[in-house]
Amino acid sequence: MSAQPPVKPKISLKDFRPQIERIERRLFLKQGLSLGALSMLSGCTLKDDDAVDKLLWAMSRWNDRVQAAIFDPAKLARTYTEAEVTEPFPFNAYYEEPMAPVIYGPDYRLELSGLISDKRQWRIEDLRALPQTTQITQHICVEGWSAIGKWGGTVFKTFLERVGADLTAKYVGFKCADKYSTSIDMPTALHPQTLLTLDFPGKPDDTKYGYPVKVRIPTKLGFKNPKFVTEIFVTNDYPGGYWENQGYNWFSGS
Amino acid sequence: MTTKASPPPSSDTKQAGKIIHPLFVRITHWINALAVFIMLMSGLKIYNASPIYPLQFPPDITLGGWLAGALAWHFAGMWLLAINGVAYLLYGIVTGHFWRSLIRFQPIAAYRNIRLELKRLILHGTGEYNPVQRVLYIAVIWIVILLVFSGLTMWKPVQFSSLANFFGGYDQARKIHFFAMLGLAFFILIHVSISLAVKGTIESMFTGRLAQKPPKKNGAPK
């Protein structure tokens, strides 16, 4: 155990420097071209503050503007028949299904704020008293899957007009009972298929799809369709949203 | 009869210095390579978020880190791919590059020397696209066009409703996008393998010049 290591002839690292440097250079180049480059790029995930992430955010804002320009307020999403409805309709949120809030209907009040003249609170029966309509449309998730569902409620434009919202404002924002939030552009808010939803897929007592109030927007990706809405506000200041603030594209129109 | 006549101003060296890949093609090729790399790697990550088939791609070969990052890469990369692609297509049509290098096929010249043609089927670096290359390059141009339009359908199934009708709806467009991607990946596999296997091809895609001597024409002196 305590044996002395045999004395080796003195070899200095210096003697091998040229060879080592050559190997290092070769390795560096090889990695630089393959894995190194890839891992450097895949580090850019919109969560850091480096130059590439800034470029990706800037491109996302540019894509917002392009999508707003492409958006045709008169163009309707395709509608489907009752037979085509997806059963059961998939549940999706940033949390697992058992965590979905269950709201006691009689206590529910929808709050309004921002550029709205009549900020009186709304009960479910007040919303039910507005003209009702139903639609069967395709819900497309940002993850890629889609499902066809049936929703019923009031055309959102009718509601916005009724409460005296400033329809020239830029944004309509939503706050939800599950601490979720999102916001949309005014042209989409005024689209004839954008619905202040009171009737949901599934059985009448199924609350997980957003009871009592959801905003259904068939011209936007699923995550732009807020559930369990407790507050609606109109503003000219970009409100962002739960997913949007983390890097998902804000406009996300279909 | 001696053929060792005074060498004509060496046709080989003349060939070797000739520009075989026009500068515009070289530039758009490498921009396209970058754009396709971004689209493919981020696309695999997006696919993984909700696989269509019981098949997932290893996260190590994906780009973006998570779904939002991958989508940001994909929707940024699409501009590079589209602008560069349109520039390449316009160049190819306007200058006659497509006609000369991809489409025009001379059966008489092709059959004049079958042995040479067979060799050229697999041999690259002759300064001309060989028949296999022509078929593959024409195919991959159409695959990328299919990818762009099926992708636009998935991005805007409501606004581009006529495209969506053409592809049979959002979900159908998604499957077509996926299989076109596999086709593109298969092309890249062949394309990159041959480029690596045949000396000088990658170099000539940077310099534009034929690096090695073209194969000897028949009638070479014994």
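Every chain is numbered from 1, with letters handed out A, B, ... down the list of sequences.
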Check ion pair A:Lys224-A:Glu244 (N to O, under 4.0 angstrom): yes
Output yes when A:Asp72 and B:Lys156 qualify as a salt bridge under the 4.0 Å nitrogen-oxygen rule, no when they do not.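 Here A:Asp72 does not pair with B:Lys156 in a salt bridge, since their nearest N and O are not under 4.0 Å apart.
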Among the options B:Ser50, B:Ser42, B:Gly169, pick out the one with the most heavy-atom pairs lying under 4.5 Å from chain A.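 Answer, by heavy-atom pair count under 4.5 Å with chain A: B:Ser50.
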Residue part contacting chain A, namely of [X], when any heavy atom lies under 4.5 Å:
X: B:Tyr47; answer: neither
X: B:Met154; answer: neither
X: B:Leu67; answer: both

Atom group of A:Leu55 that falls short of 4.5 Å from chain B, counting heavy atoms: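 Looking at A:Leu55, nothing touches chain B.
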Where does A:Val142 contact chain B at under 4.5 Å (heavy atoms): side chain, backbone, both or neither?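 Its backbone and side chain both get close to chain B.
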For chain B, which candidate among A:Ser60, A:Ala58, A:Ser252, A:Gly253 shows the most heavy-atom pairs at distances under 4.5 Å? A:Gly253
Options A:Thr219, A:Ile140, A:Asn249, ranked by heavy-atom pairs under 4.5 Å with chain B, top entry: A:Ile140
Here's one to test your reading of the geometry: is the NZ or CZ of A:Lys214 within 45 degrees of the ring axis of A:Phe200 and under 6.0 Å from its centre?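 No, cation not above the ring by the 6.0 Å, 45° rule.
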Say whether, by atom type as modelled, one donor and one acceptor occur between the side chain of B:Arg26 and the main chain of B:Met205 under 3.5 angstrom.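 Flag not set: sc B:Arg26 to bb B:Met205 has no pair under 3.5 Å.
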Option from B:Tyr88, B:Trp30, B:Tyr91 for which ring-ring contact (aromatic ring centres under 6.0 Å, His included) with B:Phe24 holds: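 So, applying the ring-ring contact (aromatic ring centres under 6.0 Å, His included) to B:Phe24 and each of B:Tyr88, B:Trp30, B:Tyr91, only B:Tyr91 qualifies.
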B:Tyr129 and B:Tyr137: aromatic ring centres closer than 6.0 Å?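 Ring-ring flag for B:Tyr129/B:Tyr137: true, centres closer than 6.0 Å.
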